[in-house]
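A short worksheet on the structure shown next.
A quick note: this is a predicted structure, and the numbers were derived from the prediction, not measured. Values reported hereafter were calculated over all heavy atoms of this structure, with side chains retained and with hydrogens, waters and symmetry mates removed. Per chain, numbering begins at 1; letters A, B, ... match sequence-line order.
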Amino acid sequence: MMQWSLRITAYADRLLQGLDTIEWSDSLKEIQKNWIGRSEGATIFFKIKDHDLALEVFTTRPDTIFGSTFMVIAPEHEWTEKITTPEYSEKVKAYTIAASNRTERERMTEVKTVSGQFTGAYCDHPFTGNPIPVYVADYVLAGYGTGAIMAVPAHDSRDYAFAKHFGLPIVEVVAGGNIEEGSYDAKTGTLINSDFINDMQVNAAITTVIQQLEDKGIGSKRINFRLRDAIFSRQRYWGEPFPVYYKDGMPYMMDESKLPLELPEVDKYLPTESGEPPLARANNWQTEEGYPIETNTMPGFAGSSAYFLRYMDPKNDKELVSREAIEYWQDVDLYIGGAEHATGHLIYARFWNKFLYDIGVSVKEEPFKKLINQGMIQGRSSFVYRVKGTSKFVSYNLRKDYETMPIHVDVNIVHNDILDTDAFKKWNPEYKDAEFVLEEGKYICGWEVEKMSKSFHNVVNPDDLIQRYGADTLRLYEMFLGPLEYAKPWDTNGIEGVFRFMKKLWRLYHTNNNAFEVSEEKASPAELKALHKTIKKISEDIEKFSFNTAVSQFMICVNELTDLKCNKREILSPLATVVSSFAPHIAEELWQQLGNKESIVSAPFPQWKEEYIADAMDMYPVSFNGKTRFKIEMPAGSTKEEVEAAVLKADEAQKWLEGKAPKKVIVVPKKIVNVVI
RNA sequence: GCCCGGAUGGUGGAAUUGGUAGACACCCAGGACUUAAAAUCCUGUGUCCAUUGCGGACGUGCGGGUUCAAGUCCCGCUCCGGGUACCA
């Protein structure tokens with residue numbers, strides 16, 4: 001079947017290099033790096049005896065060429081049949097057929113089993129001229145490299161296993177391993193048994209061999225990628241149609257003036273009787289001139305690869321995006337999403353954007369400047385243990401006495417791991433006659449952390465929490481749980497703390513009788529410090545997406561202001577603004593109470609002033625031989641010498657000095673003092 | 001197997017460039033207020049020793065190292081999570 005493909009491989013190198021310019025997680029970059037799979041090596045031609053052909057192989061280790069004792073080609077290799085000698089023809093045919101009948105799954109599970117077949121053919125070693133037998137084996141993949149390899153059993157574990165199995169010679173060419181025990185695959189060591197590259201190190205040998213191959217015209221340096229071109233056609237109805245028509249069997253692009261090309265009406269969204277895609281059912285699926293239009297449609301990633309550009313200018317009916325819009329918006333500042341798209345959408349979108357950049361549509365090479373993998377909130381599943389073949393359920397700690405089957409049970413009928421047995425009977429008609437073996441009068445459930453999913457019956461509905469604590473508390477609590485990237489099981493222990501904070505915040509603006517009351521008095525330095533410290537920390541934490549520490553700073557601030565009994569507008573008004581991006585509802589309410597007519601969303605985020613935060617005194621922890629012993633306060637801006645003198649004079653220092661003179665005193669300004677004795 | 005993350009109190013977690021480990025919370029214990037409860041507030045809370053007052057030792061998965069100083073850097077392990085798999 002003829003298919004459209006996107007030549008993503010043409011961008012392989014740039015997709016790889018671009019990773020260095022974007023702020024994505026290491027793991028995601030690593031997945032893409034492996035997927036692209038760049039490997040540097042050489043392509044080498046081995047002349048086949050009695051044929052006018054040369055077998056091309058790809059290798060990352062041209063330095064080991066003198067250790068090559070056999071060749072292997074993939075069963076699907078185009079020359080398999082051609083080079084096989086009549087003597088081996090039957091066997092090779094049988095092997096090839098057997099290999100092609102094995103499913104992907106079988107090939108994967110049988111990774112460790114060695115199989116192959118000699119073809120009867122030989123190659124000439126390009127340097128020694130020695131004959132090298134050619135085998136066919138399915139551990140060589142047709143789709144990677146050239147579908148043929150030069151096998152170096154001494155330095156490749158797969159070739160080693162193959163050689164051992166078929167009793168082929170193993171020649172060590174890089175010193176450093178023990179080839180009696182296994183192959184030595186490391187890319188370091190000194191070359192031996194290798195003619196003109198003897199005594200060289202691996203890297204030098206690689207360069208030298210490539211040079212020789214190029215001089216002799218039988219090979220060259222080559223970079224190979226694991227990345228494959230992406231099949232871009234689908235034989236279904238729903239998808240963007242290709243603006244392509246056929247004239248004399250040749251495809252032509254439709255003129256831009258004829259776009260957009262819209263899906264035609266069809267009687268059924270099914271293939272035709274002759275197996276053509278659904279679009280072939282349409283009447284008049286042809287150009288004005290009568291040329292037939294392509295009947296395949298595009299896959300889902302056609303749209304998902306560029307929608308972010310379209311969002312910049314969604315109503316434009318002339319082009320994807322206007323120059324003006326793209327120059328304004330440029331790229332996506334922040335993409336929050338899952339790692340599961342690493343080798344699909346996230347790589348296609350990068351590729352499309354690079355292509356659009358090349359033709360002058362996009363203005364940035366990379367579409368997503370920063371990407372954060374939000375951690376998954378997992379579920380905590382509960383289990384009951386059914387005694388096999390009965391409707392009897394046994395409590396968690398007694399399950400060992402029976403032969404049981406764990407069954408997921410709805411977490412909403414389990415409280416503190418204790419099952420509500422009545423609710424369980426009603427939960428599923430299948431269990432209406434359930435009997436229970438209890439421990440201490442209770443049915444205890446087992447538990448496990450799993451993905452939150454309906455099929456595991458561990459889904460919790462936030463509505464109940466919102467009912468009890470409000471949406472702001474839930475929102476704040478989710479942030480407070482830990483770093484954005486962390487996966488963690490959903491656990492409501494701790495939500496009380498956030499709820500208490502909300503109530504404390506409210507109380508700052510209200511009297512004991514819950515009447516709104518703020519003072520117009522001037523703020524004290526301590527109050528200003530509490531506020532400005534908070535504005536600073538929140539500003540920084542937002543930039544770092546460190547929301548858990550931001551919430552904790554709000555708590556600190558509210559605790560401090562409560563201790564200071566502060567209810568001054570000068571403090572509480574900016575505080576509400578800072579809080580509003582975290583707990584919007586309560587902040588808006590307080591904002592209105594403060595007498596503002598406009599919504600808090602239009603209030604500018606306050607700027608902190610360093611002068612309010614700066615201390616008049618610096619606190620120095622003083623340690624002796626690295627152990628903190630006491631603290632000393634020094635006026636801000638004291639010199640190292642002043643700090644040192646003050647420390648040595650301090651009463652507490654005498655105890656630790658024991659009358660001896662210190663060997664050394666280290667003073668780190670604004671940080672610490674360490675006395676070495 | 002290979003690659004990438006991670007391991008800090010009973011728990012979730014904090015700790016800019018190496019510079020007071022355990023911020024902020026939860027839990028737990030004790031106390032105040034109350035007829036009572038809820039709510040609120042106060043005190044304690046890494047471990048061990050001492051506890052009459054002070055205080056002291058140990059401590060960031062394990063074993064080494066660098067440094068005046070290591071949760072943070074280096075070397076060697078263990079365990080957990082994720083990715084990937086005959087890629088030559």
- [ ] Please check if any side-chain donor atom of A:Thr43 sits under 3.5 Å from a side-chain acceptor atom of A:Glu56, or the reverse.
- [x] yes
Open item on the list: Hydrogens and angles aside, do A:Tyr477 and A:Thr492 bring a side-chain donor and acceptor to less than 3.5 Å of each other?
Closed with: no
Whole angstroms only, please: what is the [atom1]-[atom2] distance between [X] and [N]?
X        : N     : atom1 : atom2 : result
A:His155 : B:A88 : NE2   : C1'   : 14 Å
A:Phe501 : B:U40 : CZ    : P     : 14 Å
A:Ile73  : B:A88 : CD1   : C1'   : 15 Å
A:Phe554 : B:A14 : CZ    : P     : 17 Å
A:Arg629 : B:G55 : CZ    : P     : 12 Å
A:Ile672 : B:U20 : CD1   : P     : 5 Å
A:Lys565 : B:C41 : NZ    : P     : 12 Å
A:Arg226 : B:C86 : CZ    : C1'   : 12 Å

[atom1] atoms of [N] and [M], separation to the nearest Å:
N     : M     : atom1 : value
B:A23 : B:A15 : C1'   : 8 Å
B:C42 : B:A57 : C1'   : 31 Å
B:U17 : B:C73 : C1'   : 12 Å
B:U47 : B:U84 : P     : 43 Å
B:G81 : B:G71 : P     : 27 Å
B:C75 : B:G9  : C1'   : 29 Å
B:A69 : B:G19 : P     : 14 Å
B:A14 : B:G46 : C1'   : 15 Å

Using the 3.5 Å cut-off, write out each protein N or O paired with an N or O of nucleotides 69-77 of chain B and the distance between them.
none

In the strands shown, is [N] matched to any nucleotide by a Watson-Crick or G-U wobble pair with both distances under 3.5 Å, and which?
N     : result
B:U72 : none
B:U34 : none
B:U78 : B:A7
B:A21 : none
B:U67 : none
B:U84 : B:G1

NA contact type, [X], heavy-atom cut-off 4.0 Å: base, sugar-phosphate, or nothing?
X        : value
A:Arg507 : sugar-phosphate
A:Ile149 : base
A:Lys488 : sugar-phosphate
A:Lys627 : sugar-phosphate
A:Arg222 : nothing
A:Lys503 : sugar-phosphate
A:Ser39  : sugar-phosphate
A:Leu481 : sugar-phosphate
A:Val668 : base

Task: Heavy atoms of other groups near A:Lys47 NZ, more than 12 under 6.0 Å - done: yes
Open item on the list: Are more than 12 heavy atoms, taken from residues, nucleotides or ligands other than A:Arg228, located less than 6.0 Å from that residue's CZ atom?
Closed with: yes
Task: Short N-O contact, A:Lys631 and A:Glu633, less than 4.0 angstrom - done: no
Task: A:Glu496 with A:Arg468: basic N within carboxylate O range, under 4.0 Å - done: yes
TODO: Compare all side-chain heavy atoms of A:Lys537 with those of A:Trp608 and state whether any distance is below 4.5 angstrom.
DONE: no
Open item on the list: Just so I know, are the side chains of A:Thr69 and A:Pro153 near enough to count as touching, which here means a heavy-atom distance under 4.5 Å?
Closed with: yes
TODO: Taking all heavy atoms of A:Asp185 and all of A:Ser157, pick out the closest pair and write down the distance.
DONE: OD2-N, 3.3 Å
Task: Minimal non-hydrogen separation, A:Thr80 against A:Val92, with atom names - done: CG2-CG1, 3.8 Å
- [ ] Check every atom of B:G13, B:A88, B:U84 against the side chain of A:Asn548 and return the nucleotide holding the closest atom.
- [x] B:G13
If you restrict it to nitrogen or oxygen atoms, what contacts under 3.5 Å exist between nucleotides 25-28 of chain B and the protein, and what is each distance?
from	atom 1	to	atom 2	distance (Å)
B:A25	OP1	A:Asn559	ND2	2.5
B:C26	OP1	A:Arg500	NH1	2.3

Task: A:Phe166 ring center within less than 6.0 Å of A:Phe70 ring center - done: no
Task: N or O in side chain of A:Asn224 less than 4.0 angstrom from B:A88 OP1/OP2 - done: no
